[in-house]
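Naming: A, B, ... by sequence-line order, numbering from 1 per chain.
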Amino acid sequence: MPELPEVECIRLSLAQKMLGARILGVVLHRADMLDGVMGTSRPDALLKGQQIVEFKRHGKQLALCTNSGRALIIRLGMSGQLFLTHDNDRASKHTHVHAVWRWQKKTRSGQLFFRDPRRFGGLQALPDRDELTAHFAQLGPDALTITRFQLAAALKGAHGPRRSPIKSLLLDQQRLAGVGNIYADEALFRAKIAPMRESGKLSAQDARTLATSIRAILSDAIQSGGSTIRDYVNGSGASGAFQQRHQVYGRAGEPCVRCNAVLKSTAIAQRTTVWCPACQPVVVE
DNA sequence: ACGTCTTCCTGGGCGC
DNA sequence: TGCGCCCAGGAAGACG
């Protein structure tokens, strides 16, 4: 999916055009993509008749908040897209569209499409803002503003130092919200920390460096419009450019940009992990 | 409670 | 060109 920077770029592009818009009608093509309808009608859950007052994001999750207090969470999974107009040049965009919202804002009107071929994403309806707050609170702190203290607390854990590799911890949305496979590798490279090092054995200085690296990588990526690997586009259909600045992701076997050593690929948490064995020492003196 | 592994899907890219 | 295989931006759920 879209990791935090891509979701943030989608959020910004949608907010620019749709903030204040009223939802005139909704079509849900696949009922199994929607959760949380219990106790309410499906159109209400999908925000029909309501006005969008805020687009919120926590980690990789986006929430559409309305004047009636309801919220609709959108998770994009691996292949999810949100876009405002059909691109007639690409017929594929017309397939796997699971939901369409028809909206109007003063004299402007349009449609918002939710497309997700792999269907790892989904929609979740929440009845009020407290539920949304509680829902987001189940996730770890947002990675874009992660502090060294928050990260150090996650490394330590509630019941002693964590044994899992630092990369696994970065991917765990309950510990830190927003980092996925691309930005985990990029942040660890920037911080010069090997992805397989035990989380609980990182020093306070490591935590500080890593927190700084995570924030820097994510905000740089947002500035570049996100990373387009296959088909990511923001709400307006624009691709990102950050993929051109990846230092390790997708570069296994190529030379390290810092030291020229050959980048290695290793599986950690069942995810392809690329790192520099020279810049990111496994054993630290 | 914790850490690891399987599984849910479709589609693009590659080798043959 | 076509087929089969492998891989992919995620994360819930099962298991030990």
Any A/Tyr249 side-chain nitrogen or oxygen under 4.0 Å from OP1 or OP2 of C/dG9: yes
Phosphate OP1/OP2 of C/dG9 contacted by A/Lys60 side-chain N/O (<4.0 Å): no
Expressed as a whole number of angstroms, how long is the span from [X]:[atom1] to [N]:[atom2]?
X	N	atom1	atom2	value
A/Leu218	C/dG9	CG	P	16 Å
A/Gln270	C/dC7	CD	P	13 Å
A/Arg271	B/dT4	CZ	C1'	14 Å
A/Ile229	C/dG10	CD1	C1'	15 Å
A/Ile73	C/dA12	CD1	P	12 Å
A/His135	C/dA11	NE2	P	11 Å
A/Arg230	C/dC7	CZ	P	13 Å
A/Asp231	C/dG10	CG	C1'	14 Å

Separation between the P atoms of B/dG3 and C/dG9, rounded to whole Å: 22 Å
Interatomic distance at P, C/dA14 relative to B/dC9, whole Å: 15 Å
Backbone N/O of [Y] and side chain of [X]: donor-acceptor pair under 3.5 Å:
X	Y	result
A/Arg22	A/Gly49	yes
A/Gln173	A/Gly140	no
A/Ser224	A/Phe242	no
A/Gln150	A/Thr147	yes

Touch class at under 4.0 angstrom, heavy-atom based, for A/Thr272 against every strand present: sugar-phosphate
Sugar-phosphate, base or nothing in reach of A/Tyr232, heavy atoms under 4.0 Å: base
Dot-bracket encoding per residue of DNA chain B, Watson-Crick/G-U cut-off under 3.5 Å, | denoting interstrand: .|||||||.|||||||
Ring pair (Phe, Tyr, Trp, His ring centres under 6.0 Å) partners of residues 256-285 of chain A, not counting sequence neighbours, each pair once: none
Salt bridge (Lys or Arg N to Asp or Glu O under 4.0 Å) involving A/Asp44 - partner list, sequence neighbours excluded: none
ILVMFWY cluster membership beyond A/Val257 - transitive side-chain contacts under 4.5 angstrom: A/Phe189, A/Val248, A/Leu263, A/Val274
Other residues, nucleotides, ligands: >12 heavy atoms within 6.0 Å of A/Arg163 CZ: no
Whether over 12 other heavy atoms sit under 6.0 Å from A/Lys105 NZ: yes
A/Ile10-A/Leu84 co-clustered via ILVMFWY side chain contacts under 4.5 Å: yes
Hydrophobic cluster membership, A/Phe136 vs A/Ile146, 4.5 Å side-chain cutoff: no
Listing time: all N or O pairs from protein to nucleotides 7-9 of chain B that are below 3.5 Å?
unit_1 : atom_1 : unit_2   : atom_2 : d
B/dC9  : O3'    : A/Arg119 : NH2    : 3.2
B/dC9  : O2     : A/Arg118 : NE     : 2.8
B/dC9  : N3     : A/Arg118 : NH2    : 3.4

Residues from residues 143-181 of chain A lying under 4.0 Å of DNA chain C - heavy atoms: A/Gln173, A/Gly180, A/Asn181
Residues A/Thr209 and A/Gln205: side-chain donor-acceptor under 3.5 angstrom: yes
